[in-house]
Amino acid sequence: MTTERKFVEELIEQEDDFDRWYVEVVRKAELADDSPVRGTKVIRPYGFALWEHMQAELDRRIKETGVQNAYFPLFIPKSMIEREAAHIAGFAPEVAWVTRGGDKELEEPWAVRPTSEAIICPMFARWVQSYRDLPILINQWCSVVRWEERPRAFLRTLEFLWQEGHTVHATLEEAEQRARLMLEVYRDFVETELALPVIPGQKTESEKFAGALRTYTIEAMMGGKHWALQSATSHNLGDHFGRVFDIQFLDAEGKRRYAFNTSWGLSHRTVGAMVMVHGDDRGLKLPPRIAPIQVVIVPIWRSDDERVKVEEAVDRVRGLLRDVVRVHADLREDKTPGWKFNDWDLKGVPLRLEIGPRDVAQEQVTLVRRDVLGKRQAIPISGLVQAVTEILDDVQHSLFTAAKRMLDTHTEDVSDYERLKERVAINAGFSRASWCGSAECETRVKAETRATIRCIPFEQPEQVGPCLVCGEAGRFQVIWARAY
RNA sequence: CGGGGUGUGGCGCAGUUGGUAGCGCGCGGCGUUUGGGACGCUGAGGUCGGAGGUUCGAGUCCUCUCACCCCGACCA
């Protein structure tokens, strides 16, 4: 352990202080940096590249369901955002306002969007006349602003990047299907691409989106303290917004009806989730499928003669891999190989190929996996492309499997309230328990333990026992946990 | 908004009873190095968060102020 520590002396160990480890790894791996503005972060090229790869994959999946991208204004007039009472009540504490333009006071303040229902729905009202205009399926990639009190890089910043989808439908059933469909898109994306196992389910009344009929969520478990992180949400808004924004249409029978909406979003907090779930004392471990660099080549030489041969081999190997994976050759001359190894470990590159005189002589490269450090394997150049492809795939699965193991290990069925308190107090993870459905029991647990119901999982047991808190008949099995 | 803390080269820090700012890392140059964070020589870089005050003299003392961080309440 002493030697281990030496390699990463600049990074605090997870066990010592997980939250500080997170702050440090985000900064040192060059994902993000502090900005001069409180509560905001600068996303650096490496972090942004990661987000771009995530965007590309999620965007593709969203479009496959028939959704089109569009863009709506950043500002929302006060009167507009205040139309849906529950909606504004929920967001009011965290809305930023524009009250001046140049040197003129605005007649009516503008909200900087905390989410865009209030500016998109009025447009839907203009576009929808007939049932033939429905459904409308729209998504936008943008940033929104929520005036949070305690920011944390990626997880909670005043301004954050996300996509928000907004749809209009003729029937409640169709809206419900869409809300569930998009949650499934998120689940598949997060599990397949980010290697983060999640628990899909429904939010309780008190935890649902402001103005929604129902909110669905996927909840992931972070490393370290095993707290929950809401990784994406999808809302069936019912006809609440249709009514207040007057989205009406004539149905096939010529009857005037209010339309039904959904909205759903996934933000760059999932970047933080990947950091916290997969990372270790050496830094990030990025899932190959969205890693900006999947394979890094580190050349090693002593003499000028060796250097020529090694560089030739590096070129050849890079040429072989270039069309297959995202490969980068680290040709920096002012850094030693050892320094580079640590640097790329910190940045979480899934595979490293070392090419030195010994490798050149034997027509091979030395391969090291980020997820199983310390094990070097020689790969003949002739079989390199296939080997790299297969191993990347294996790394992706291994990351998911390890994360799933953590989730399962730190989830326990609890039937005794004292046991729940104990588990929350020691950061033991998720607790599965029966709940009667009353807000009183929910509030009480939150007040006494700080844990909240993360979701009512879709997967329910045949029989639900008595409520963990009040002992009355249980209606659902729910997941209790502390959350970021 | 409550509680705690910190502001000194890019980063991390030191700076005794007030005496005119120092260390490590990093950075530039040269040379030797390179299979898990190399080394030598050399060089550049700060007026101590801001304002006011006390004093012959303030990074050190006093007053005010600003910013940031951490812990709570809140949160995609």
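Note on naming: letters A, B, ... go to the chains in the order of the sequence lines (proteins, then strands), and numbering restarts at 1 for each one. As the structure is a prediction and not an experimental result, all values here were calculated from the model.
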Rounded to the nearest Å, what distance is computed from the [atom1] atom of residue [X] to the [atom2] atom of nucleotide [N]?
X	N	atom1	atom2	value
A/Glu354	B/U34	CD	C1'	12 Å
A/Lys340	B/U34	NZ	C1'	9 Å
A/Trp147	B/A76	CH2	P	18 Å
A/Ile379	B/G35	CD1	P	21 Å
A/Arg20	B/G12	CZ	P	11 Å
A/Tyr22	B/C69	OH	P	15 Å
A/Leu161	B/A76	CG	P	17 Å
A/Asp334	B/G26	CG	P	11 Å

So which one's nearest nucleotide on RNA chain B is more toward 5', A/Gly374 or A/Ala232?
A/Gly374

Nearest heavy atom decides the nucleotide; on that basis, is A/Phe341 or A/Tyr484 closer to the 5' end of RNA chain B?
A/Phe341

In residues 438-448 of chain A, what residues come within less than 4.0 Å of RNA chain B, judged by heavy atoms?
A/Lys446

Near RNA chain B, under 4.0 Å by heavy atom, which residues of residues 284-313 of chain A?
A/Ile300, A/Trp301, A/Arg302

Check this for me: does any side-chain nitrogen of one of [X] and [Y] sit under 4.0 Å from a carboxylate oxygen of the other?
X	Y	result
A/Arg27	A/Asp33	no
A/Glu440	A/Arg444	no
A/Asp304	A/Arg307	no
A/Arg83	A/Glu117	no
A/Arg332	A/Asp334	no

Could you check whether [X] gets within reach of a base, just the sugar-phosphate, or nothing at all, counting any heavy atom under 4.0 Å?
X	answer
A/Thr233	nothing
A/Pro357	base
A/Gly356	base
A/Gln230	sugar-phosphate
A/Arg358	base
A/Leu266	nothing
A/Leu373	base

Determine the interatomic distance between [atom1] on [N] and the same-named atom on [M]; round to the nearest Å.
N	M	atom1	answer
B/G29	B/A44	C1'	10 Å
B/C56	B/U20	C1'	13 Å
B/U42	B/A21	P	22 Å
B/C39	B/G24	P	13 Å
B/C48	B/U60	P	9 Å
B/U47	B/G19	C1'	16 Å
B/G59	B/G9	P	14 Å
B/U55	B/G12	C1'	34 Å

Quick check for you: among [options], whose closest atom lies nearest to any side-chain atom of [X]?
X	options	value
A/Arg450	B/G72, B/G36, B/G35	B/G72
A/Thr336	B/A38, B/A76, B/G35	B/A38
A/Arg269	B/G36, B/A76, B/G37	B/A76
A/Glu148	B/C74, B/G37, B/G35	B/C74
A/Lys335	B/G35, B/C27, B/G36	B/C27
A/Val368	B/A76, B/G36, B/G37	B/G36

Is A/Phe160 stacked on the base of B/A76, meaning ring centres closer than 5.5 Å and planes within 30 degrees of each other?
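Taking the rule of under 5.5 Å and under 30°, the ring of A/Phe160 does stack on B/A76.
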
Between [X] and [Y], do the side chains contain an N or O donor and an N or O acceptor separated by less than 3.5 Å?
X	Y	result
A/His169	A/Thr167	yes
A/Tyr22	A/Arg20	no
A/His166	A/Glu164	yes

Excluding sequence neighbours, so at least two apart, what forms ring pair (Phe, Tyr, Trp, His ring centres under 6.0 Å) with [X]?
X	result
A/Trp110	A/Phe75
A/Trp21	A/Phe18
A/Trp141	A/Trp51

Would you say the base of B/G35 and the side-chain of A/Thr366 have a donor-acceptor pair closer than 3.5 Å?
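Yes, a donor-acceptor pair under 3.5 Å.
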
Based on Watson-Crick and G-U pairs with both distances under 3.5 Å, what dot-bracket line describes RNA chain B 5' to 3', crossing pairs as [ ] and inter-strand pairs as |?
((((((((.[[[[.)...(..]]]].((((((.....)))))).....[[[[[..)....]]]]])))))))....

Should A/Trp344 and A/His328 be marked as a ring pair (Phe, Tyr, Trp, His ring centres under 6.0 Å) after you check the CA-CA gap, both sets of side-chain angles, and the distance that decides it?
CA-CA 11 Å; A/Trp344 295 113; A/His328 172 74; 5.5 Å; yes

Less than 6.0 Å separating the ring centroids of A/Phe124 and A/Phe241?
no

Separation of A/Thr262 OG1 from A/Arg180 CZ (nearest 0.5 Å):
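A/Arg180 atom CZ to A/Thr262 atom OG1 measures 13.5 Å (nearest 0.5 Å).
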
Can you label the angle between the A/Phe209 ring and the A/His87 ring as parallel, tilted or perpendicular, going by 30° and 60°?
tilted

